[in-house]
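Presented below is the structure to which this report refers.
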There are 2 protein chains.
Amino acid sequence: MLAPGFPHPIVQVMGNTESERTRQGAARLADVARLAGVSVATVSRALSRPDLLSTDTRDAVQRAITATGYRMNHAARNLRKGRTGAIVALVPNLGNPFFAKILAGMGAALNAQGYDLLVGDTMAPGGRHRALRRFLDPSRADGIILLDGQVTAGDLAALPGAPPVVMACEWIEGAPLPRVVLDNAAGTELAARHLLALGHRRIGWIGGPGDNVLHKARVKGLARALPDPGSGYAGDFTLESGVRAAERWLDTPAADRPTAVIGFSDESAAGFMGELQRRGVSVPEQVSVVGFDGIDWVAHLPVPLTTIRQPKRDLGSTAARVLMALIAGQPVEPCTVLAPQLVMRNSAGPAPS
Amino acid sequence: MLAPGFPHPIVQVMGNTESERTRQGAARLADVARLAGVSVATVSRALSRPDLLSTDTRDAVQRAITATGYRMNHAARNLRKGRTGAIVALVPNLGNPFFAKILAGMGAALNAQGYDLLVGDTMAPGGRHRALRRFLDPSRADGIILLDGQVTAGDLAALPGAPPVVMACEWIEGAPLPRVVLDNAAGTELAARHLLALGHRRIGWIGGPGDNVLHKARVKGLARALPDPGSGYAGDFTLESGVRAAERWLDTPAADRPTAVIGFSDESAAGFMGELQRRGVSVPEQVSVVGFDGIDWVAHLPVPLTTIRQPKRDLGSTAARVLMALIAGQPVEPCTVLAPQLVMRNSAGPAPS
DNA sequence: ACCAGCGATGTAATCGTTTGCAACAGTTCT
DNA sequence: AGAACTGTTGCAAACGATTACATCGCTGGT
C-alpha cells in the first residue's frame, strides 16, 4: 500500500542551518534587536512605523530580521493591542455549498486587510446556542459576520460584551445590526416580469420556510409584479421540496396549472424541473422554470436553468468591508443592498398558447 | 444575597451593581479572584485543573465567575502556553463546494477539541506562495491541514519552523507528510467492475489533469479492473471538460465508441451526460455514465447519476484528528486511507446488445 | 550663548494567563 | 515528639510584543 522507502516521520525536521536563532524557539524581537545592535522598541517600530526611524537603523534592522528569520508572534501582539486579528463567519451549516462562494469573497477581503477568517458552524454539534457562546467573544474575534437569520435578537442580547456583528444575506427583524443583503424583492420581481414578458399569466412559485426573512421579501417582490401571486407551493429551499412541488403541479388539472414556476432557490427549481422531466413533461415547452441564487451547476443541466443570480463573492467581500469599517469606528450604512441579476438560459420560454 | 456559609473575603469588594466588573473592560482573572477572595492562581486552576482545589474554593470561584461574567482572554493564554488554539485549513479555491463538506467535518472535530478552524485560500489574490507564507506560521496556527496537492515539497521546505502539516484528499509525491486520503484506485476499480458486471466491454473515462495525483491513482485503479484502460478523454474535473468529452464521443463511429464512461469527477460526468442528452443520446440506454465524488446535486439530475462517493465529512474529521494527534506528540499513521462507496442510481445500465 | 524644538532611540510598564516553587496546615508513621 | 507526607493555596516570574515617556544630540532663532 505504501510506496517502498516511504519515510515515516513522527517529528518533522526544522531546517536549522546558519539561520540565527537563540535556541530551539523561534527568533523574538529581542534576538533581532541584539543582532542589529538596537533596542526592541526600535525593532518594533521598524515593523509598524518605519517612517520614524533613520534609514541606517531601518536597514540594519531589516538585515537582522532576514538573518534571524524573525516572524511576529501574534498572541503577544494581540494581547498587547487588545485585538485578535480574526473575524468569525458564523454560517448555518458549513456544508452548504451556497456559502462557499460567500466565504471566498470574505476571505479575500479580510486577508487583504490583515485579518484572518475563522469559520463557525451554528448547526454544529451542540447547537446554535453553543456556537454563539463560543464565537461571540471579543477575545476570539474582533468582529462577527452572521449569516444565520434564525438567531434571535434575544440570543444576541444574552451575550454582553460581544464584538461588533454584521449580518450578511439573511437578517434578524428588529435587531439593529448593519446588514449586507441582496435586494430579494427585486429578484423575484425581475423573474416575474420576465415571465410576464414571455406571455405567462398563471405564474406559480416554490417558497421557503414561511417565517424566513428571505421568503417574505421574495413574496413581496412577486406582489410588485403580479396582480395576485397566490399562495405558491410550500418549500424549504431544498431539492426535495422542488420534487414535492412538481408532484402537486402534476396533480392539478392542466387548465389550472401555472405555466411558469419560480423557485425561491436554484435547488428547488432544479428539483421541480428534474422531477417533471422524469415524468415526461418538457421544459420549457409545457412549463417554464426560473430559479434563484445562481449556483454553478444549474447552468449545466440538460435544460440549463434560467435564474436570478446573487453576487455571492460581492456579498461576502462587502460584508467584510462593512465589518472592518465598523471595527475601525467609521460610520457604516445600516443596510447595504446589492442588486440581483437575471440570467437567461433555456428553462424559461414563451407561454404555451 | 450570599449563601449562609459563604467564606467572606478578607478584602471587601466595592459595592456596585450585580454585574461585577472593574471598569468598562471585561472581567479578568484578577477581578474574579478579588470577588472570590482567592489568588489569581487559584482561579486559573479552578478553570484548568479543578481537581486540585477543595470543593469550597472551587464553588466560591465558580460563583465569582458567573457573577462577573468572566470569559478567558485567548491571546493571553496562547501567549503563555505557546500555542494558538487554531488550525488552518489551506484549500485551493475556497469557492469550490467540494471542500465545503470537508470543512464542515473538520470544523466539527476541531471545535469539539477546543480548536478553532481558520481557513486560507491558496488561490486567493497574491497566489499560493503568499498564502503559504501567511499561514504556515507557528504563531498563527498550531497545525495545518493542506488540501492543495499543487504545493511542492520545496515550497514547504522554504518555510522553516512551520507548524505540523497533514495532507488531506490530495498529497505531494515525495513529501514525508502524514495524509488522509480516499482509496482512489479502489474507487475507479469499483466503477469499472460495476460496468463490467453490466456487460460493458468498451469502457471509456474522462481524466483529470495529467500530473494530478488523484488522476494517476484513479488510472491505476482502472488498470486493475480492465485489460486495457486506453487513454481516456482528457479533462480537468470540470463540467466543461465533460462537455468536450461528449463532443469527442459523438465524433467517434458508433462501433468504436465506449458503451460506458467513467468521469473522474461528478462534474465531468454530469457535463458529459448533459451534453449527450441535449444532443439526443439517451442515458443509460445508449451509453452508461458513472461519476466520482458523490456531490449532492447529481442525485437530482433528470437521470440521477451513478457515482463513487467519497466520505467527505469523514475525510475532514479524520484529517483533523490525525493533526491533533500529531500536535499532541502521539504517533500517527503516515497514510490513512478511507474507502469509497459505489452509489447505484440510474445513469449506468446494461450494455446495449 | 542659551533655550526651544525636533528627530532618533532607549527604558520600562503593560496586556492577562499559566505554572514552578514555596509555604503552610493537617495527618500519619516511627 | 519529630519526621515525612499530602493536599491547598499564594507568590511571582515568565510569555513577546507595543508604546508612553524619558533621554540625548543637534540645529536654528534670538
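Values below: all heavy atoms of this structure, side chains included; hydrogens, waters and symmetry mates excluded. Labels below follow one simple rule: chain letters A, B, ... track the order of the sequence lines, proteins then strands, and each chain is numbered from 1.
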Please tabulate, one pair per line, each protein N/O and nucleotide N/O from nucleotides 6-9 of chain D that are separated by under 3.5 Å, including the distance.
from, atom 1, to, atom 2, distance (Å)
dT9(D), OP1, Ser54(B), OG, 3.1
dT9(D), OP1, Thr57(B), OG1, 2.8
dT9(D), OP2, Ser54(B), N, 3.0
dT9(D), OP2, Thr57(B), OG1, 2.8

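In this structure, of dC15(C), dA12(C), dT17(C), it is dC15(C) that holds the atom nearest to the side chain of Leu79(A).
Axis orientation changes by 50° from one end of the helix from dA1(C)-dT30(D) to dT30(C)-dA1(D) to the other, with each end axis drawn from 5 pairs and the value rounded to 10°.
Counting only distance, with no hydrogens or angles, the side chain of Lys312(A) and the backbone of Lys101(A) share no donor-acceptor pair below 3.5 Å. A donor-acceptor distance shorter than 3.5 angstrom exists from the side chain of Asp121(A) to the backbone of Leu94(A), with no hydrogens or angles considered.
Mapped onto DNA chain C by nearest heavy atom, Ala41(A) and Thr55(A) fall at different nucleotides, with Thr55(A) at the one closer to the 5' end.
Within the 4.0 Å cut-off from OP1 or OP2 of dT14(C), not a single side-chain nitrogen or oxygen of Arg80(A) is found.
A cation-pi arrangement, defined by a distance under 6.0 Å to the six-membered ring centre and an angle within 45 degrees of its axis, is absent between Arg28(A) and Tyr70(A). The cationic atom of Arg83(A) (NZ for Lys, CZ for Arg) lies less than 6.0 Å from the six-membered ring centre of Tyr115(A) and within 45° of the ring axis.
For the residue pair Thr84(B) / Asn78(B), no side-chain donor-acceptor distance below 3.5 Å is found, with atom types taken as modelled. Side-chain contact of Thr68(B) with Asp31(B): a donor-acceptor pair under 3.5 Å is absent, judged by distance alone.
Salt-bridge check for Arg128(B) with Asp155(B): failed, with every basic side-chain N at 4.0 Å or more from each acidic carboxylate O.
Side-chain contact between Arg140(A) and Leu118(A) is present, with heavy atoms from C-beta onward closer than 4.5 Å.
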